[in-house]
Amino acid sequence: MTDKLKPLREQIDSIDAQILDLLNRRAKVAQEVGHVKAETMAPVFRPEREAQVLRGVAERNPGPMGDHEVQTIFREIMSACRSLEKRVTVAYLGPAGTFSEQAVYQQFGSAVEGLPCASIDEVFRATEAGTADFGVVPVENSSEGAINRTLDLMLQTSLLISGEVSIAVHHSLMSKTGNMDGVTVICAHSQALAQCQVWLNLNYPNIERRAVASNAEAARMASKDASIAAIASEMAGEQYQLGVVKAHIQDDPHNRTRFAIVGHLQTNPSGQDQTSLVLAVPNKAGAVYQLLAPLAKHGVSMTRFESRPARIGTWEYYFYVDIEGHVHDAAVARALAELQDNAAFFKVLGSYPLSLT
Ligand SMILES: O=C(O)C(=O)C[C@]1(C(=O)O)C=C[C@@H](O)C=C1
């Protein structure tokens, strides 16, 4: 056994030495890129370039390593190289251990400075003020729909969307002891309580449910008090040393949340992009149909259409629309110019690479 292992491990050692050498050669080139960018004040984080690199390695991957695993490794390599140019600070809805934090690492890799914020409003404020280079905010959940606060803030902000991330959301019921003995209340964010309501009605119909600021806050509370159980990610549970009563209790096994990366950056085309808009029309028959007609005329696909009541009285609704393509694509530019002419309100929230997952 050991005789057979020894030469194989020697091969691995030799390959590791080559990988290490290549990684550092890549890092030195990234440092040079950093110097060029510093001279021209160019942005360090380039989402379109990172998306192209990650798509490229998956396309060229001969296996046996899976495409997702290869992309995860290259995401970390770019994160480490980027941090040699500048360590990017990213604000998110905290505390640490939330799905928002997971979204930060999924987009930026682990060589990033996370800035946990108490609310979605604060994520926008910190990014607008430059305390953080970027912010990560939840946009919609596959079972609960839009995150209305984010949509409302998108309307007012000067920030642009520069990327999106989709996270699989798995909730676990956890407590200090790992069982429900003596538990009188189950705490979680209201969204998580809603996403687990069928399971909770079946299994713990008589235990009080209490909405708190975040799932991570629920986990922190449960770590201090044995009468409290929390619904949170297992990552949050580990952080607060909770025992798992039952894993994956969300009603929809495919539950996902989509997050937007917001910042001051205008992202260049990556080849596979999406553009987010907010629109409003005068309140008359056929207005929405007319408004969207230029998209069909120029062959631009709409991938999302969401309405929010306007609370200022002038128009009835704001429409949040995602379309395929980048504002710099000729067909998209033509469609948007015509669309803007018919709209009572028109705002481009940003063009950015489609998320990998
Ligand atoms: O190509 C660049 O602009 C780089 O800075 C290099 C690099 C990389 O490591 O590949 C790092 C950071 C950017 O976000 C994109 C790519």
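Note that ligands are numbered from 1 as they come in the structure, with each ligand's atoms numbered from 1 the same way. The first residue of the sequence shown is numbered 1, and numbering continues consecutively from there.
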Decide whether the shortest distance between a heavy atom of Val33 and an atom of ligand 1 is less than 4.0 Å.
yes
Which of the atoms in ligand 1, numbered in the order shown and given with their element, are less than 4.0 Å from a heavy-atom of Arg82?
12 (C)
Indicate yes or no for a side-chain donor-acceptor contact from Ser172 to the backbone of Glu234 under 3.5 Å, with no hydrogens or angles considered.
no
Less than 4.0 Å between a side-chain N and a carboxylate O, is that true for Arg210 and Glu208?
yes
With a sphere of 6.0 Å drawn around CZ of Phe74, does it hold more than 12 non-hydrogen atoms of other residues, nucleotides or ligands?
no
Ligand 1-proximal atoms of Cys81, by part, heavy-atom distance under 4.0 Å
side chain
Proximal ligand 1 atoms for Phe45, defined as those under 4.0 Å from one of its heavy atoms
14 (O)
I need the contact type for Val44 against ligand 1. Using non-hydrogen atoms and a strict under-4.0 Å cut-off, is it side chain, backbone, both or neither?
backbone
In this structure, atom 15 (C) of ligand 1 is nearest to the protein heavy atom Glu50 CG, 3.7 Å
Judged on heavy-atom distance to atom 7 (C) of ligand 1, which of Lys86, Glu85, Arg46 sits nearest?
Glu85
Tell me which protein heavy atom sits closest to atom 16 (C) of ligand 1, plus the residue, atom name and distance to 0.1 Å.
Arg49 CG, 3.8 Å
Quick one: look up the protein heavy atom nearest atom 3 (O) of ligand 1 and list residue, atom name and how far away it is.
Lys37 NZ, 2.7 Å
If you count heavy atoms of other groups shown closer than 6.0 angstrom to NZ of Lys28, is the number above 12?
no
Distance alone, cut at 3.5 Å: any donor-acceptor contact between the side chains of Ser79 and Tyr105?
no
Is it true that Glu338 and His298 share a donor-acceptor pair across their side chains at a distance under 3.5 Å?
yes
Atom 9 (O) of ligand 1: which protein heavy atom is closest, and how many Å away?
Arg26 NH1, 2.8 Å
Apply ring pair (Phe, Tyr, Trp, His ring centres under 6.0 Å) to Phe259 and list each qualifying residue two or more places apart in sequence or on a separate chain.
none
